[in-house]
Chemist: 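Structure below; questions to follow.
Heavy atoms only: backbone and side chains are in, while hydrogens, waters and symmetry mates are out.
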Amino acid sequence: MSRRMSWISRGWFLGLALGAVVVLAPSAWGLDLFFLNPPPDKPVFGEIEVVMEVLGADQVKEVVLLVDGRPTARFTKPPYRWVVDLGQANREHRFEGIVRTVSGEEVRSVRQTRAIAVNEAVDLALQQLYVTVSRGGKRLTNLSRGYFKIKDNGRSQSIVTFEDGNAPLTAALLVDASSSMKGDRLRLAVRGARRFAEGMAELDEAALLLFSDRLLHATDFTGNAADLVAGLDGVKASGGTAIHDHLYLALKHLEGRQGRRVAVLLTDGTDVESALSMEDIQWTARRSQTLIYWIRILQSSGGAGSTSSWRNADNHRQERHLLEQVVEASGGRIVHIGNLGEAETAFSEILRELREQYVLGYYPSENRGDGSWHRVHVDAGPEVEVRTREGYLDY
């Protein structure tokens, strides 16, 4: 085998072994340049060492490294290594190497790395926060990454992904269909759910669950508003109210979904039928990291003296208070409406808020995998209100 062919073969073999994604074009002298680092199939952040190797040339004049189109380093002899700080922005990066010989030969090689897509299945160590920022009741939608500071159990964290609220979402729409929702009340509630679905983006999905003391109707996840409300002609409001049991069902239904998970609960009453307590739901909500919104109808959300076979009046008051806490801890909120005629507006407002959130991602500086609770705090500057989930369980 000629010397030229041996260098080409070696370069080809090493390229395969290292998972190179760029096919190198050797010169007439078998000149090859390829990247040993960074890897082609992973996002990269912060300081990394770029490593190149040149094969097939005895007299290298220079090797030039460009990062994202900018000349970054120049070498006249090996090793061809350089540490570059890429920052913490979630973006693609392009690494280009150019080798030139004293005889005028030139070969280029490119290594492309990718960004993390917000809706993709990501490393479980990456924590994603969906953050709503407002001042004086008005949401702020034009903040840059530099405004945000994250603390995890009191330790400052580096933000590695920063996106707007257009990240795809999957929503479970829970609509109370107990006896108190008969007639037009249920029709208006379902109309609100349909309005939410009509406003969804291309990759969004939602499922509709009508419940009382049992599940009366449920759909698969769909991006089509007409499919969401199809087949409801025979569904009549009836029975008692089991909010806890069906919120649990929704959280479990969302558990295997990717991207941003949202549960929207519309109910006019107090839970009097659930076997599960809100403490059970609280634990499940912490694990699911689902944003929970509660559309609470003030016109008939009393029940202060409600009793059931499970709980007395004081127990029910405590359960309602726990539900409020679970909603707020998830990063969602309670939306109060005076009557069901406002349901469409409430559903639309929740969807608008989701679109105006910021999506922040970070790798916690300490992971033990011991199931402990990590409290998360996000700050976005003075005189602003920041709402996101309170924390997560370290698994």
Chemist: Kindly indicate whether the side chain of Gln128, heavy atoms from C-beta on, has any atom under 4.5 Å from the side chain of Leu360.
Modeler: no
Chemist: Answer yes or no: is there a donor N or O on one side and an acceptor on the other, between the side chain of Ser274 and the main chain of His244, under 3.5 Å?
Modeler: yes
Chemist: Would you say Arg389 and Gln289 are linked by a side-chain donor-acceptor pair, where the criterion is simply a distance under 3.5 Å?
Modeler: yes
Chemist: Are Arg333 and Tyr293 in a cation-pi contact, defined as NZ or CZ under 6.0 Å from the six-membered ring centre and within 45° of the axis?
Modeler: no
Chemist: May I ask you to check whether Tyr358 and Tyr130 place their ring centers less than 6.0 Å from one another?
Modeler: no
Chemist: For Arg91, give me all partners under salt bridge (charged side-chain N to carboxylate O under 4.0 Å, His left out), at least two apart in sequence or on another chain.
Modeler: Asp68
Chemist: Apply side-chain hydrogen bond (donor to acceptor under 3.5 Å, both in side chains) to Ser372 and list each qualifying residue two or more places apart in sequence or on a separate chain.
Modeler: Asp370
Chemist: Starting from Leu129, can I reach Leu254 by hopping between I/L/V/M/F/W/Y residues whose side chains sit under 4.5 Å apart?
Modeler: no
Chemist: Testing the 3.5 Å rule here: is there a donor-acceptor pair between the side chains of Arg260 and Gln357?
Modeler: yes
Chemist: Name all pairs fulfilling the side-chain hydrogen bond (donor to acceptor under 3.5 Å, both in side chains) condition that reach into residues 225-239, sequence neighbours left out, sorted by first residue then second.
Modeler: Arg214-Ser238
Chemist: Establish, from distance only, whether the side-chain atoms of Ser212 and Ser178 form a donor-acceptor pair under 3.5 Å.
Modeler: no
Chemist: Can we call the ring centroids of His253 and Phe221 under 6.0 Å apart?
Modeler: yes
